[in-house]
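Reckoned from all heavy atoms, side chains included, excluding hydrogens, waters and symmetry mates. Proteins come first, then strands; the chains are lettered A, B, ... in the order of their sequence lines, and each starts at number 1.
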Amino acid sequence: MAARGGKGWRWGGAVLGVAVLLGFPIVVSDVYLQHLAIFFLLWVTLGTSWNLLGGYAGQISFGHAAFFGMGAYTSSLLFAKLGFPPWPGMLLGGVAGILLALPMGHICFRLRGPFFALSMLALSEFLRLVTLNWRDLTEGAVGILLPPFFISKLPYYYIALALAAATMLATWFLVDSKVGFYLLAIREDQDAAEALGIDTTWYKLVALMVSAFFSAMAGSYYANYMAYIDPPIVFSIVDISIAMILVAVLGGMGTLWGPVVGALVIVTLSEAFRAYFAAAHLIVYGVLIIVVIVFMPEGIVGSLAARGPRWLRPRVATDAPGASQG
Amino acid sequence: MAEGQRKGHMDLTILLQTVLAGVLVGGLYGLIGMGMAINFGVLRIINLAQGELLMVGMYVCYWVFTLWGLDPLLSPVVTIPFLFVLGVVIHRFLLTPLIRARALPENQILLTVGVGLVLTNAALLAFTSNYRTITTSYSASLITLGSIAVSLPAVLAFGIAMLVSSALWLFLMKTDLGKCIRATAQDPDAALLMGVNVERISVITFGIGAALEGAAGSLLVLVYYLFPALGGIFTLKAFIVVVLGGLGSTLGALLGGIVLGLAESLGAVFVSTGYKDAIGFIVFVLMLIFRPAGLVGKARM
Amino acid sequence: MKRMGWISMLAIALVCMATSASVAGEVIKVGLPLPLTGIHAKFGEAIRNAYLLGLEEITAAGGVTKGAFKGSKIELLIEDTTSKPEVARSAVEKLITRDKVPMIVGEYSSSNVFAVAAVADKFQIPYLSQTGAADNITQQGWKWVFRVNQPASEYAGGLQDFLLKVVKPKSMAILFENTLFGTSLSKAVQEWTKEVGIEVTNFEPYEAGAIDFKPMLLKVKAKNPDVMFMVSYLMDAMLLMRQSKELDINPKIFAGGAAGFTMPEFIEGARGAAELVYSATLWAPDVKYKGAREFYDKYYKKYGVHPEYHSTEGYAAAYVLKDVLERTKSLKNEDLREALAATDMLTPFGPVKFEAYKKFINQNRLPTLVVQIQKGKLVTVWPKEFAAADYVYPVPKWAERK
Amino acid sequence: MGWMLDVRKLSKVFGGLPALVNVDFGIAPGEIVGLIGPNGAGKTTLFNVITGVFRPTSGEILFEGKNLVGLKPHDICRLGITRTFQVVKPLPKMTVLENVMVGAFARVGTKEEAREIALRELEFTGLLPKRDALARSLTLADRKLLELTRAVATRPKLILLDEVVAGLNPTETEETITLIQRLPERGIAAVAGVEHVMRVIMTISHRIVVLNYGRKIAQGSPEEVGHNPEVIEAYLGEAYAETS
């Protein structure tokens, strides 16, 4: 337990980390790096919100792009059709995500097995087709072009940072409470969880709603930042839904820091591979996925944490004084 | 009056032709779905590289036709063993270690995503992104029945798909290996106790699942075209087919394929072509809600 | 939290490794973002090849041969944007802020062009777009964005003229792939039919990549329209024509809306069903623009692939780039923009001159052509002044053909 | 004496096959009841129906006067009935302490309270030294013990113990039985389901209920049941009283 260190040391680290994050775009004025940092934060948000549901509650979703796209379209349409300001629109985007999550969870969480995963996939494809064909409302394949809101990347960066921080804090808060224990129990064994008085359907629904809320907010953010959306982009299975799983799994499912590491790896490596391997970069990417899964099945954080500091471990750490005596 | 009658006749022709089109395409969907179904039945994972395996099958078929003139209808003799070996290699060297390590099912699924990425992009490097088609002597031939016309390749593809499905069914029902596969699908622990080498069965099953895509690839080439990125579309179709058929049921997958084909073609005619695929998904979700065990109930394999 | 510290450092280090510093000298570096992987890879490759062919010729002829930069060489910094807008954005931001390119050319799909154009406009770096078709690319008031090719709504201009003057149809079916290009072009044509009083019997979007179009085609057959107008990419175009022939659908003419219908693989893949099909197009090898045929031959010789209009656009843009560099006073953005705006030249793709008209700005205004597939070859048949041969009309029914 | 749990004419049919037929029985507060029956007699089905996993085909289940039919397992747990499983279901990637805390959360809301309860119950069952081990690393006996601890932590009035000693060696069996015997002093009644008629069960049970082919064939004090001819017949061919 050498790595446990003193409390003060850890607080120092935290302050340093916050300072680095807040100061990054001021110190690093290169917009290209700022752009990558923004996407890193966006993927932290997406990976973390997927992880709350998939990693902690064990409910794997193959179609989180449904929420992402829902959020993107909600705020963009509110702006394009009604002139509703897009940044508050992000919140409404998140709410739209919850409204979508409610019936989905109600239908799917009664069933066990891969039904939820598959239904989410169907839902995201269904929404893609609806937005594509409901041309009067959504402009269909033409997509929605928004005016860019800021010239500088600073506001974009800080909004992304706030979103990522909010998602992580929400996850941390939930996971560190009774809800977190319940979600893990559901992941580990649903029958046992029920027998122990856990309303599994309800707690799964809670996790889904929180996850959908942040995923949809991230979708709204993407729309505001990129200033253009169309159905194949925001409802993409490979580029959104699968990529969210990748971030969580590469980093370590069911760990708070896993999605952070996963997002960092994905954003930097895919950018580096794109530059170095040219046409072969997606092969290298595929090989990387295979290698990590075969050799680090618990993800990067999960595998390192088995040997590392206790607070990184992929489960609820009970850090109370008694715990380290055993 | 005559006008009305003619219109009525036309409507009937359209209906018949639509149903026929749906069934013919559905047969292919079914065959593609069967590969995924048999894998799901035994391994309990969804192979998201199933469409990419189909793509590989199509390229193999394309090259043996282009280089040696082997007719696509005969090419399954090459594509089936080729894909079988590819499937066995993927399972033996990538999935088996995961299963031994008792990895989470989602890791196994993601692994197949990685495999799919590698296959697609390897094909892109090797064959470029060009679209390719095969033209045979019978490519443009038609069979006409009264006012209904169907393309000969589509009928041939359907016929062979049925043949391969029946062969698979006989294999599962009548041979010892087939029985072992069914036993493993029903209860791996019990199968293990009964002396079945479950690991070996898994590898073989994955090979068979891949081989089915080889066969499907040979047939799809007859009516479609090929390019490296086509896997994703068909992985998705296979997915729906497998759920419609009841997860893991091969006969169900065949039926599911035909239901999907019909839903798509009838939907295109009577609702809107744009919503054609959406109808497939609605059927899919309705199935999940009302008959989660699939069309044919609980029967496995 | 300490992890965040070294994580950020690692990010910076990795990214720094991934980018190389630009070298100053007699080389003018221009950014060329293109989708070389992903779903649009095929077009990205074709456009890259065309740019490189043009650049090779320009370099062989001494690079920039006039003006302030006489004797300079042009270098294209190619970035793969993987067919994704966010990658296009990061590529362009990298090109502008790290490689300090004075100008950007390229990209393919409209969604990626939006991403590039928004960044270029924000940084006030001139961007010459040569393929993106969405109308609103040059309708956003983006002062720094110029476009060589026609906007989607105009792709069928020549075809519409041909229909009115020759076919005189009463009804028309419009089938289109549900993409930005398909939707924009089909909507424009639909609006045009209202103006000229043609009844639209079917207006059907479809999902690209279907195996079977028969259900949709059966609906068309039941209405028996005079014209069947289709906006499709290659593979769908092939299947649509094959299956139309199977179903014995006989409108007065089949007309494609550019894209797939003008690609050489279409003629081959449609297995005889392509014969006598008309299509709107932006360019054909036999069009009477100076250098068109030569470009076609050179490209085919070098790459073994038949070029179609996407490639020609890239080739033409390479020459526009050279022309701009020969006229600009400096590499300052304002000067480059001025030179771009003053462009007035002939290319194998047609004349290039940027105008403001209707809602467009910085838009090259070009006529569009009609081609017909005659004896397995793409032949320009309309407008008369650019035509290489006569059109074949009326078109015999399938059953009456040999 | 009024029954705490009163099962009336309970039947459950699976696809035409009856698994439980008109089963009647009751349990009083603080009572220990042995539920005996050969494999397939319907013990697990009975537990599943009482705890709401399956809905009964017919019949009533009254718990403290409230009808349980139609309630979900978690509702029933909150009312005071919990269970252990025939095939143990620990939460494998959580520690022993965390497993028990999950149970404790049924009655409290904060981590601190749950932890306190969990530590106390671990002390009660003797698993305290292993509190930081992952549940998946435990031996079968410890897993069974963990499940019992976890169940007790939900502060139930009644625990249904499914195959409580299956797979345990004689010493472990003895320890488990002792623990069960101590449940009434905590105000907990228990139904201990076992496959064989064992002397230990006979000695700790206040009452025995015997199931066979889904029917209750006998009920009464251990002595009565032990001499019931129908019970003897049901177990004919099996070692009647295993000498454990």
Give the table of side-chain donor-acceptor pairs shorter than 3.5 Å for residues 38-45 of chain C, with sequence neighbours excluded, one pair per line with atom names and distance.
unit_1 : atom_1 : unit_2 : atom_2 : d
C/K42  : NZ     : B/N130 : OD1    : 2.9
C/K42  : NZ     : C/E265 : OE2    : 3.1

Open item on the list: When you compare the side chain of A/Y222 with that of C/P85, does any pair of heavy atoms fall below 4.5 Å?
Closed with: yes
Open item on the list: At a 4.5 Å cut-off on heavy atoms, which part of C/Y206 comes close to chain A: side chain, backbone, both, or neither?
Closed with: neither
TODO: Can you tell which part of C/F123 gets under 4.5 Å to a heavy atom of chain A, answering side chain, backbone, both or neither?
DONE: side chain
Task: Interface moiety of A/I229 toward chain C, non-hydrogen atoms closer than 4.5 Å - done: neither
Task: Minimum-distance pair of heavy atoms, taken over all atoms of A/D239 and C/K84 - done: OD1-CE, 3.2 Å
Task: Residue selection (most heavy-atom pairs with chain A, distance under 4.5 Å) from C/E93, C/E79, C/Q140 - done: C/E93
Open item on the list: Counting heavy-atom pairs under 4.5 Å with chain A, which one of C/D135, C/N136, C/V92, C/N178 comes out on top?
Closed with: C/N178
Open item on the list: So that I can tick it off, tell me whether C/K94 and A/E271 are bridged by a salt bridge, with the cut-off set at under 4.0 angstrom between side-chain N and carboxylate O.
Closed with: no
Task: From CA spacing to verdict: side chain to side chain contact (heavy atoms under 4.5 Å, CB included), C/L180, A/E139 - done: CA-CA 9 Å; C/L180 185 145; A/E139 311 293 334; over 6 Å; no
Task: Pairwise distance CD1(A/I38) to OG(C/S90) - rounded to 0.5 angstrom - done: 11.5 Å
Task: Smallest separation among heavy atoms of C/E207 and A/L129, with atom names - done: OE1-CD2, 3.4 Å
TODO: Check whether C/A115 gets within reach of chain A through its side chain, its backbone, both or neither, counting any heavy atom under 4.5 Å.
DONE: side chain
Task: Straight-line distance of C/F114 CZ to A/I144 CD1, nearest 0.5 Å - done: 11.5 Å
- [ ] Side chain from CB out, backbone as N, CA, C, O: work out which of these in C/E177 comes under 4.5 Å of a heavy atom of chain A, or both, or neither.
- [x] neither
Open item on the list: Among C/V119, C/T97, C/T183, which residue has the highest count of heavy-atom pairs closer than 4.5 Å to chain A?
Closed with: C/T97
Open item on the list: Counting only non-hydrogen atoms closer than 4.5 Å, does C/P205 touch chain A with its backbone (N, CA, C, O), its side chain (CB onward), both, or neither?
Closed with: side chain
Task: Under 3.5 Å side-chain donor-acceptor pair for A/Y225 and C/E86 - done: no
Task: chain C contact via A/I233 - side chain, backbone, both or neither, heavy atoms under 4.5 Å - done: side chain
Open item on the list: Is it the case that atom CZ in A/F150 sees more than 12 heavy atoms from other parts of the structure closer than 6.0 Å?
Closed with: yes
Task: Minimal non-hydrogen separation, C/S184 against A/V142, with atom names - done: OG-CG2, 3.9 Å
Open item on the list: With a sphere of 6.0 Å drawn around NZ of A/K81, does it hold more than 12 non-hydrogen atoms of other residues, nucleotides or ligands?
Closed with: yes
Task: Pairwise distance OG(C/S109) to CG(A/D230) - rounded to 0.5 angstrom - done: 8.5 Å
